[in-house]
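Here the structure is laid out as structure tokens; the discussion comes afterwards.
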Amino acid sequence: MTTYKELLAQKQALDQQIAEAKKSESKAALATVHSLIAEFGFTAQQVFPWKPAGVKAAAKYRDPVSGASWSGRGKPPKWIAGKDRAEFEIQ
């Protein structure tokens, strides 16, 4: 039967082997990715697709009753529709 210290030593040796294997395999995987990108001429957008973060417009109008706000873009909410917007402007 193995002792606790022997098991810890085995674990440490295995952890080291795992780290070395991961390092070597990740280098090989990265080389494969680089060669495929070069071969097919992929762009960064094609490899890692992303959308730019949407810019949220600042509020220009606020309803004093409910505290709701509106940026002035799009369809006006019911609380401001058909009314003078000057009285709802955020100062």
Side-chain angles (χ1 to χ4, degrees):
M1 182 178 217
T2 56
T3 66
Y4 177 70
K5 287 185 180 183
E6 291 172 340
L7 289 173
L8 285 177
Q10 289 176 2
K11 180 184 180 292
Q12 185 178 11
L14 282 174
D15 286 341
Q16 185 177 2
Q17 289 177 354
I18 289 170
E20 290 171 2
K22 182 178 178 181
K23 185 177 179 181
S24 66
E25 288 180 25
S26 67
K27 282 184 180 180
L30 187 60
T32 303
V33 169
H34 281 272
S35 68
L36 289 172
I37 288 172
E39 181 179 346
F40 293 102
F42 291 132
T43 64
Q45 177 69 27
Q46 290 172 313
V47 177
F48 302 106
W50 73 88
K51 290 184 179 179
V55 178
K56 191 169 183 175
K60 292 183 182 178
Y61 306 99
R62 184 171 315 279
D63 182 15
V65 177
S66 67
S69 61
W70 180 51
S71 66
R73 295 183 180 177
K75 184 178 178 181
K78 291 182 181 179
W79 54 265
I80 200 171
K83 298 179 184 171
D84 182 25
R85 294 181 181 175
E87 62 187 73
F88 295 102
E89 286 182 355
I90 298 174
Q91 302 293 326

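For the numbers below, each heavy atom of this structure counts, side chains included, while hydrogens, waters and symmetry mates do not.
Between the CD atom in Gln45 and the NZ atom in Lys51 there is a gap of 10.5 Å [rounded to 0.5 Å]. Distance NZ/Lys83 to CG/Asp63: 7.0 Å, rounded to 0.5 Å. Atom NZ of Lys23 sits about 8.5 Å away from atom CD of Glu20, to the nearest 0.5 Å.
Nearest approach of Pro76 to Arg85, heavy atoms of both residues: CG-NH2, 3.6 Å. In terms of heavy atoms, Gly67 sits closest to Arg62 at O-NH1, 3.5 Å.
By the rule that hydrophobic residues join a cluster once side-chain heavy atoms approach within less than 4.5 Å of another member, Ile37 and Leu30 end up as members of separate clusters. One hydrophobic cluster holds both Phe40 and Val33 under the rule that ILVMFWY side chains link at heavy-atom gaps under 4.5 Å. Connection of Val47 to Leu36 is established within a shared hydrophobic cluster, with ILVMFWY side chains joined at heavy-atom distances below 4.5 Å, either directly or through further cluster members.
Within the 4.5 Å cutoff, no side-chain heavy atoms of Lys60 are placed close to those of Trp70. Annotation: side chain of Gln10 is in contact with side chain of Leu7 (closest heavy-atom distance under 4.5 Å). At least one side-chain heavy atom of Phe88 sits less than 4.5 Å from a side-chain heavy atom of Trp79.
Annotation: Gln12, atom CD; neighbour count of heavy atoms from other residues, nucleotides and ligands within 6.0 Å does not exceed 12.
Applying the side-chain hydrogen bond (donor to acceptor under 3.5 Å, both in side chains) definition to pairs two or more places apart or across chains, none involves residues 25-39.
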